[in-house]
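Chain A is the first sequence line, chain B the second, and so forth, proteins listed ahead of strands; every chain is numbered from 1. On a predicted model such as this, the values are computed, not experimentally measured, just so you know.
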There are 4 protein chains.
Amino acid sequence: MAVLRTRGGDAAPPPGPPAVGSAEDSVPRRLLAHATRLFAEKGFDRTSVQEIVHAAGVTKGAMYHYFDSKDDLLAQIYARVLRLQMTRLEEVAGRGGPVADRVYAAAADVVVTTIANLDDAAIALRSMHQLSAAKQREVRAERRRYHELFRSLITEGQDEGVFTGGVPADIVVDFYFGSVHHLSAWYHPGGRLSPEEIGGHYARLLLDALRPDPARR
Amino acid sequence: MAVLRTRGGDAAPPPGPPAVGSAEDSVPRRLLAHATRLFAEKGFDRTSVQEIVHAAGVTKGAMYHYFDSKDDLLAQIYARVLRLQMTRLEEVAGRGGPVADRVYAAAADVVVTTIANLDDAAIALRSMHQLSAAKQREVRAERRRYHELFRSLITEGQDEGVFTGGVPADIVVDFYFGSVHHLSAWYHPGGRLSPEEIGGHYARLLLDALRPDPARR
Amino acid sequence: MAVLRTRGGDAAPPPGPPAVGSAEDSVPRRLLAHATRLFAEKGFDRTSVQEIVHAAGVTKGAMYHYFDSKDDLLAQIYARVLRLQMTRLEEVAGRGGPVADRVYAAAADVVVTTIANLDDAAIALRSMHQLSAAKQREVRAERRRYHELFRSLITEGQDEGVFTGGVPADIVVDFYFGSVHHLSAWYHPGGRLSPEEIGGHYARLLLDALRPDPARR
Amino acid sequence: MAVLRTRGGDAAPPPGPPAVGSAEDSVPRRLLAHATRLFAEKGFDRTSVQEIVHAAGVTKGAMYHYFDSKDDLLAQIYARVLRLQMTRLEEVAGRGGPVADRVYAAAADVVVTTIANLDDAAIALRSMHQLSAAKQREVRAERRRYHELFRSLITEGQDEGVFTGGVPADIVVDFYFGSVHHLSAWYHPGGRLSPEEIGGHYARLLLDALRPDPARR
DNA sequence: CATGAATGAGTTTTCATTCAT
DNA sequence: AATGAATGAAAACTCATTCAT
């Protein structure tokens, strides 16, 4: 019911530089930002609405003015991260060049993006079950589309013979995204390796695992 | 402190009804079994003590007689699964033979074991944050020992030159166990592939990813 | 104090769209109409201001422009129905003719009128306690005037000897209006009997109950 | 789920006189008593669980130990009053003697009983709509059985010719019980007339209304 | 006239845990 | 070893109302 409405387009914007700062600090945005952090830190169920609104400096009523429920908050966080990841994958997959390069780029990019949004990743990892059944279906459908796109890159390489056909492509996808989703469980900012280095290693491992084995065929 | 007393294995069974059944169906065991199932299905926070004791057919008082708290239930579930996995890894790692074979066996075995205890895996994946800080430290330490052991197999292979040294061993370990932990998110009993086949594929992917690249060295 | 301003009946209608439609569909009228329906359906406390303004297609601000409060809505509904019933009774009581005929006409008419405004009756039956103490006093006073007028008809008949004096007139009034108020609890439009038939039966029962008993005097 | 359990029959009762006082003051009974009073005074929706438990001197948890919900409290109050009234009507209807005497006795008795349980009557009058749909069906079914029984007495008299056949029996029943239900709206203890006198008047009015009219047949 | 964001006090209900028996 | 009544704190959510614009 509650919808995140942007101000009607006809209202005259204040003169001067675009009010990026004030837009970023709008009440719903602040709520989403703090909810994301808290959900990632303590889990959805362990985070009370009270804590979220306190952190965002608003009242409960204000939150329920913008969001239907606590679940709605979670659903919107999910929607954002899924949209982001899908966009990036589509961009990478749409590039030209050898399929191995595209897979490498996609694999490395999803690692970097995941690390850049580690809170979202942590939430995605642990909190999907708290969504309503309907929302879960939506999320799963979106994730499936994502996986399908990635899988199509794998099968493309297998058909071309640049990837081994010894392992089903969907197993490869689940295998790799398991690793990626788990980044939030062990990665800590400021670690020995940069996100890009980890992305490189992960993509390397995936590509090497897919190298066709001359001995085995 | 309530303690989980297992009946001493050598003690003469009490007369009357068959001892095996009553040992397997002892109140604490029933409680643990139902708690495991419910925690996996609905998450720790969404499962009430009331539901657990109802499912196990006992009263709350009985539960609090055997367990200190709801958290204690979770901690004991964790302890059991960690013990189990460590035991299996130690067994496999202790075998003789080429290191690649041992890594393959360990990698495949952890997949099969995880699938055989999918509820435990689901709990481990999502519920660690519900443990007390102290328990979390314990669990993490135990897991670290497990990872260390697995990592030592990887470095052994790298030192021997049978595995590539291009990726740090601890990255490899996190990479692989991410995939394994994530099994509970997509595996469904009765799927197209048997647990053993999935284990084979996963181990194969790992081993292939570790193949030394003649071109790159 | 927000006041319900009805357009003065003689004032020239504003030019433009037809005035009749806009008068009938004026915002306060729409609000009252939808509030009446909702209060009757779900009760005063179970109906939120939000629902009322949504049904009427306006915003909360608009409602608070025309009405002081949610209670004010209820009070105005009450005021309307009381005014209506009093007007009708005064009309009937003021006719000439035998008192028995006037009582019959009044008794039958109040039934028909009540059925014609069943929502109002349902509200009157169940929601008086939600009014403020002051409003309750007003309503009760108005109702008492109504009952007094009806009672005066009864006593007139008793004094003339056409009605039995065996039952106090105020008991008769409460007896009869109990029946009438309760119409909203069982009457459904489209039932076997028409409102007029029910009015006839009710009035008949009252008149017969009041017949002087030759045996008992 | 929560059920009002009486202590297991095997428990040895304390010696001495039956613990009537303590039974009457059991927590669930106290809750029901105070809820009844408050619901009658202020209406179901205007009475908070907080007020009820405060009046009964227990905590909210205790209330939810014995009752499933606030609605359950209301449902149990309803169940009690329906049971009571049905029992009394069955007793009166089952007596022998002329049907007019039985109708008179039943009509007078229901007035006296209603006045003796005026709070219950007030609740029944105004709060049925707050019950869940399922409970409402139950209550309506029970009430229908009650009305059926009363109606059968009327038709019996009509068939015998001691009551007029000019008004359908079910109209008579609704007519009369409207009056009865409305007692809670105007009766005040300590009024001019005793409950028995009011019962007598009401029953008299009913019987007189039913007298066959020699002129009209 | 009318909007819609925001408030803050209030609602019912849940739940892990304790304790006398 | 086990019961079940009772607690008290906290949860999510609702709602009539206000107010700057």
Side-chain angles (χ1 to χ4, degrees), chain A residues 1-5 7-8 11 26-28 31 44-53 57-73, chain B residues 2 5 26-28 44-53 57-73, chain C residues 2 5 26-28 44-53 57-73, chain D residues 1-3 5 7-8 11 26-28 44-53 57-73:
Chain A
M1 212 65 85
V3 175
L4 182 46
R5 259 157 308 209
R7 254 161 236 278
S26 77
V27 167
L31 283 165
F44 180 79
D45 282 318
R46 302 286 248 236
T47 304
S48 72
V49 169
Q50 187 59 253
E51 288 173 285
I52 297 167
V53 300
V58 300
T59 61
K60 263 188 259 195
M63 193 219 104
Y64 280 98
H65 182 68
Y66 290 104
F67 299 92
D68 286 338
S69 61
K70 191 184 165 190
D71 282 55
D72 189 27
L73 225 28
Chain B
R5 266 156 298 202
S26 74
V27 167
F44 179 80
D45 283 316
R46 306 282 249 237
T47 303
S48 71
V49 169
Q50 184 61 256
E51 286 173 284
I52 297 167
V53 299
V58 301
T59 60
K60 281 192 213 176
M63 194 218 100
Y64 279 95
H65 181 72
Y66 290 108
F67 299 92
D68 288 338
S69 64
K70 190 185 167 189
D71 287 56
D72 189 28
L73 270 172
Chain C
R5 266 156 300 202
S26 74
V27 167
F44 179 79
D45 283 315
R46 306 282 249 237
T47 304
S48 70
V49 169
Q50 183 60 311
E51 285 174 284
I52 297 168
V53 299
V58 300
T59 60
K60 280 192 214 177
M63 194 218 99
Y64 279 96
H65 182 72
Y66 289 108
F67 298 93
D68 289 338
S69 63
K70 190 185 169 189
D71 286 57
D72 189 27
L73 269 172
Chain D
M1 214 64 85
V3 174
R5 261 158 305 209
R7 253 160 236 279
S26 74
V27 168
F44 180 79
D45 283 318
R46 301 286 246 237
T47 304
S48 71
V49 170
Q50 186 59 252
E51 288 173 285
I52 297 168
V53 300
V58 300
T59 61
K60 268 189 254 196
M63 193 220 103
Y64 280 96
H65 183 69
Y66 290 104
F67 300 92
D68 287 338
S69 61
K70 191 184 165 189
D71 282 57
D72 189 27
L73 225 29

Separation of [X] atom [atom1] from [N] atom [atom2], in whole Å?
X       : N      : atom1 : atom2 : result
D:Leu73 : E:dT13 : CG    : C1'   : 14 Å
B:Phe67 : F:dA1  : CZ    : P     : 13 Å
A:Ile52 : F:dA12 : CD1   : P     : 8 Å
C:Gln50 : E:dG4  : CD    : P     : 11 Å
D:His65 : E:dT13 : NE2   : P     : 17 Å
C:Arg46 : E:dT12 : CZ    : P     : 10 Å

By nearest heavy atom, map A:Thr47 and B:Thr59 onto DNA chain F; which one lands nearer the 5' end?
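The answer here is B:Thr59.
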Looking at every heavy atom in both A:Lys60 and A:Val53, which two are closest together, and how far apart are they?
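Between these two residues, the closest heavy atoms are CA-CG1, 4.0 Å.
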If you take all heavy atoms of B:Thr47 and B:Lys70, which pair is closest and at what distance?
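Where B:Thr47 meets B:Lys70 most closely, the heavy atoms are O-NZ, 2.7 Å.
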First of B:Ser48 and D:Ser48 reached from the 5' end of DNA chain E, by closest nucleotide
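On the 5' side of the pair lies D:Ser48.
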When the nearest nucleotide of DNA chain E is assigned to B:Phe44 and to A:Val58 on a heavy-atom basis, which residue is associated with the more 5' position?
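Its nearest nucleotide lies further toward 5', so the answer is A:Val58.
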To the nearest 0.5 Å, how far apart are CG in B:Leu73 and CZ in B:Phe67?
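These two atoms lie 5.0 Å from each other.
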Nearest-0.5 Å distance, OH of residue B:Tyr66 to CG of residue B:Asp72
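Between atom OH of B:Tyr66 and atom CG of B:Asp72 there are 14.0 Å.
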Contacts of type side chain to side chain contact (heavy atoms under 4.5 Å, CB included), residue B:Ser48, not counting sequence neighbours:
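Side chain to side chain contact (heavy atoms under 4.5 Å, CB included) check on B:Ser48 returns B:Gln50, B:Glu51.
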Taking only residues two or more places apart in sequence, or in another chain, which ones meet D:Thr59 in a side chain to side chain contact (heavy atoms under 4.5 Å, CB included)?
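So D:Thr59 forms a side chain to side chain contact (heavy atoms under 4.5 Å, CB included) with D:Ala62.
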According to side-chain hydrogen bond (donor to acceptor under 3.5 Å, both in side chains), who are the partners of B:Asp45, at least two apart in sequence or on a separate chain?
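B:Asp45 satisfies side-chain hydrogen bond (donor to acceptor under 3.5 Å, both in side chains) with A:Arg46, B:Gln130 once adjacent residues are dropped.
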B:Val27 side-chain proximity, nearest of F:dG4, F:dA2, E:dA2:
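Closest nucleotide among those given: F:dA2.
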Looking at B:Tyr66, I'd like to know whether one of its side-chain N or O atoms comes within less than 4.0 Å of OP1 or OP2 on F:dA1.
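No.
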When the P atoms of E:dC1 and F:dT21 are compared, how many Å lie between them, rounded to an integer?
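The same atom, P, in both gives a distance of 22 Å.
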Shorter than 3.5 Å, N or O on both sides, protein versus nucleotides 17-21 of chain E: list them out with atom names.
{"unit_1": "E:dT17", "atom_1": "OP2", "unit_2": "B:Tyr64", "atom_2": "OH", "d": "2.7"}
{"unit_1": "E:dT17", "atom_1": "OP2", "unit_2": "B:Lys70", "atom_2": "N", "d": "3.0"}
{"unit_1": "E:dT17", "atom_1": "O5'", "unit_2": "B:Tyr64", "atom_2": "OH", "d": "3.4"}
{"unit_1": "E:dT17", "atom_1": "O4", "unit_2": "B:Lys60", "atom_2": "NZ", "d": "3.2"}

Could you write out DNA chain F as dot-bracket? Rules: Watson-Crick or G-U wobble, both distances under 3.5 Å, brackets [ ] for crossings, | for pairs with another strand, dot for unpaired.
.||||||||||||||||||||
